[in-house]
Every structure is written in structure tokens, then in C-alpha cells.
Protein chains: 2
Amino acid sequence: MFEAQMQDGKIFKAIIEAIKDLVQDCNLDCSEEEVAIQSMDSAHVSLVAVRLSAGGFSNYRCDRPNSLGINTANMSKILKMLGKDDSITFKAEDESPDNLTMLFEGGKTTIADFDLKLMDIEAEQLGIPDTPYQCTVQMNADEFQRIVRDLQVLGDTCTISCGKEGIRFSVTGNIGNGNILIRSNDEQNEKDRVTITMDEPVELNFALRYLNFFTKATPLSSSVIISMSPDVPVVVEYPIEDFGHIKFYLAPKIEED
Amino acid sequence: MFEAQMQDGKIFKAIIEAIKDLVQDCNLDCSEEEVAIQSMDSAHVSLVAVRLSAGGFSNYRCDRPNSLGINTANMSKILKMLGKDDSITFKAEDESPDNLTMLFEGGKTTIADFDLKLMDIEAEQLGIPDTPYQCTVQMNADEFQRIVRDLQVLGDTCTISCGKEGIRFSVTGNIGNGNILIRSNDEQNEKDRVTITMDEPVELNFALRYLNFFTKATPLSSSVIISMSPDVPVVVEYPIEDFGHIKFYLAPKIEED
DNA sequence: AACTGGACCA
DNA sequence: TGGTCCAGTT
């Protein structure tokens, strides 16, 4: 038996909205410690990893590790029916369940329950090396979203350079070039603070198209954490309060000479 | 001579908006007691019945019963010009009038009047049995609208089950199943109150497409009254304060075996 | 599917 | 008056 209640259901809704453009089908990997999602996007370019630790749920029980294969578009359709302040209770059988049952509870009078048909999804095992990164930047998530959206009008590829003084986003395109520099600072209010932790400067190129997909997770977090090392995928992480995080991985473009 | 003034013209506008997707042409049946509309929808699947009692109008005079055949789309176009707080005064001749004249009066300075061309519409007489129903549920109209809209993503057919404890809306579809249960209650504020009056439980299937058409009448009323008996059409009624009601009838789908 | 404008609600 | 939600549009 798997059963877990999330008080603030819109967190789960936001997660599904954040990944559904990248990932068609994925497993909810439920264990005693967490509900996790790990999946390459449909084009096998980027990777999504979600962690919802058991401690964030108000009730959590998972007798046996289990993978629940969902179609994200269908899940999204059902979550459209989630009320403003509804909680979600997830339920599934232990042995190869056919359905994931979700209870939406809000006002006292209304209870909605939905069965989402599950599917078998082969779990490609994805080794994510947990190595330290050469540069890590924490900044406002809305600002990151705006930068990535804005720069897309100039070109497809964004150069992200991280040094002590700050992080720079640069695009070279037909109509012109652009540079946005975010300076490291120590603002009073956490929202505007920009924190940089680094050993050596790093400069890497990325496809703006994918960075834009990642920023669909912006509603989940006030800040975003960008981690880079030479020649390895960048990590774009949105912490999810009480639960864990959603992380996106994207390999750098190789410099064309 | 027929002449009637409706202080709050947007009630009539809302009625036309509510029925114009179902009914192309219909008669305004004017008598000493009321203005009534009765019509099957174009596909002859459902039935609309409106009653506006003479008492709701601020001036009412109907010398002779008369049927004014209108095209709802054209009526809607004229009503688009109704001002925010305008009253409407309807005027028509007794003997087979060619036009229905409508006066829109709001601020003291502006008066608009429009003549809508009338047409002859054969009045198919529609016997609506006025039998008591086995289950009657009164609930919030907005909530009913939301449920019917939401469930449409899961499938075409909705099972409505009414029992003592509440009313349940269920849909079975390809991507999964859904159940929304509204519990009978005795809320303080009338808006959230759910009242169930019943002899025996009833369970019937309906086309969500039509239930959705009916909810176009939601702006007319804070609550909706759903009445069901086995094997007869459901009645979805929106009371219209001071005037009467708009009722929709829809035959249940026969269980496929 | 994303964006937009419009409507309703707080 | 601003925010949110929904429907229509590209």
C-alpha cells in the first residue's frame, strides 16, 4: 500500500505543469523515504529529477518501493480539477497497480476522487554523478526566467559565464548581441540576494530553448540554484519547501570552431 | 398591445445568452400572466423552458395572448448594445406584429430603441409532465458549472447518483475515472448550502455536452435545482429572482449493456 | 500548447 | 482596483 497526503496540492500540480512539456510519460518512484521522478525529456537532451521527501507529506506510508508510470498530460488534465486550496491524497496498491487514486479535498462538502490509469514505463537508469560543482549561483527565480525568455529573441544559444563578480548571460545573434550581468550581492531581503560560490570561473553554452522549458518550474520556488563545471551538464535547481527540489540537467553545447 | 418593462435588462440578456447556443428560433409567448419560452434545442435532444411572470416587470400590459417569434442570434446582437444598468421595455402590436420594439434606457441622457424582425415559428406543443421527482438537489450554481466543465475532460457521459448523503457525479473514461461527491449540508450562508429532498436514490446517465450547455444560465442564479426520477428527463432549474425560472430538460442515456 | 483578452471575485 | 480564472484564438 502506498498512501501519501500533500496538504497543499498545488505544489504537485505545479510540478506536473513544469515537466509536462518535457516529459510525456514518467514513473513516480515511491519508496519509504520519498517520491521521486527521474526522466530524460522526449528528445533525450535534458534530464528532470524531482524529489519529494516523505517528511513533506502530512501522511506517508509506503510498504514497498513501487514505480507508478503516469502520462503527464493525463495527470495534468485531472489536476485541472484541483480546487484552490485542496489537498491531494495519493493511493496505490503494492502489486503492479492499474490505477493511481487521487483524492482532492477542500471545503468540507466536496470530495473528488480520480483514478489515473497507470502504464508500464521502462526505467532507464540514469546515473547522475553527485560531484561538487566549480560554480554555484543562487538567484531570484523570476529574474532568471525573465532573462532566459528575453534573450531568446536574440538567438538560440546562451553563454553563461560565472566569475567572482557575478553571472553573465550572453547571446550572439543576427540582429545583435546581448549581455546580462547579475552581480553577486548581499541584499537584505532574500528574494533579491545573489549568492555565488566558486573555485574557478566557468563559461559554458546552452540551448535557450531548454533553459526556457526549465523555467516552467518558477512558480515552485522564489530562488533558483545554477551549478556548473566545465564539460558537464549544468544543474538548474528549484528548491521546493518542505519537500526537496526539482532539478533540470542540460549538457553544454560544444564550441563550434 | 403588448408592453412590458424589465428594470434590470441584463436578466433578459442573460436568458438569451443562456439559450442561444441551444435554440436558434423560438417564440416569446406573451400572455396576461407571463412571458414564456418553450423550445427543443436544434438537435431535438433537450428542452428549454423559461418563465418570466408578469409580476416581475415594472410595467406589464398584454391585451391579447401573442407569440413573438425571434431569432436568438439576432436578439443577442441587439442585446450586445444594452448598457450596464439599462432597463428594457418591450413593445409589440396585437395583430401578427412584424417587429418587437425594445427600448434601452439607462442614464438619463441616452435612450436607444431597436426593432427586431419577428418570424412565424410553428409552436410544437411540448407536454411537460408536472410530476413530483424522486430526488431534488439544490446546490451552488457555480460549483455545478465547474464540476460539469471539469468532468468533460475525462469523458462524454456523466453518471449522476443522488442519495441521502449527497449527490455524486461520476465519469468513466480512457485516461481514468472521476468521482465528485457533494455532501448534503446545512451551511450558514445560503450559497454553500446543499439541500437534498428524496424518496428513493436515483442514478442516471447524461451527456456532459448538454449539461454544459445548460450551465450557460449560471449568471442568472446563485443556486441550481436538479430534479431526477428514473427513466425520465432530468430538470436543471435556475430560479430567476422576482420572475420565475429557466429550466432545462434532458433525457437520460440508456444504459448500454 | 501558449498567449491573449475578457469576466468575475476579492 | 488588482488578481485570478476561463474561453477563444493562433
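Numbers restart at 1 for each chain; the letters A, B, ... are given by sequence-line order, proteins then strands. Scope of the values below: all heavy atoms of this structure, side chains included, with no hydrogens, waters or symmetry mates.
Atoms CG (B:Asp142) and P (C:dC9) sit 6 Å apart, rounded to a whole Å. Going from atom CG of A:Leu79 over to atom C1' of D:dC5 covers 17 Å, rounded to whole Å. Note: CD (B:Glu17) to P (C:dC8) measures 11 Å, nearest angstrom. Atom NZ of A:Lys77 is separated from atom C1' of D:dC6 by 18 Å (rounded to the nearest Å). Remark: P of D:dT4 and NZ of A:Lys13 are 13 Å apart, rounded to the nearest angstrom. Spacing between atom CZ of B:Arg146 and atom C1' of C:dC8 amounts to 15 Å, rounded to whole angstrom units. Rounding to whole angstrom units, NZ of residue A:Lys10 and P of D:dG3 are separated by 17 Å. B:Asp150 places its CG atom 9 Å from the P atom of D:dA7, with the value rounded to the nearest Å.
Taking the six-membered ring where the residue is Trp, B:Phe104 and B:Phe114 present tilted rings, their angle falling between 30° and 60°.
Residues B:Ile167 and B:Phe169 are in side-chain contact: their nearest non-hydrogen atoms beyond the backbone lie under 4.5 Å apart. Counting only heavy atoms from C-beta outward, the side chains of A:Lys247 and A:Val236 never approach each other to under 4.5 Å.
The shortest distance between the side-chain N/O atoms of B:Arg149 and the OP1/OP2 oxygens of D:dA7 is below 4.0 Å. Using a 4.0 Å cut-off, some side-chain N or O of A:Lys216 falls inside it from OP1 or OP2 of C:dA2.
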The test is ring pair (Phe, Tyr, Trp, His ring centres under 6.0 Å); show your working for B:Phe243 and B:Phe57 and say whether it passes.
CA-CA 8 Å; B:Phe243 280 99; B:Phe57 293 88; 5.1 Å; yes

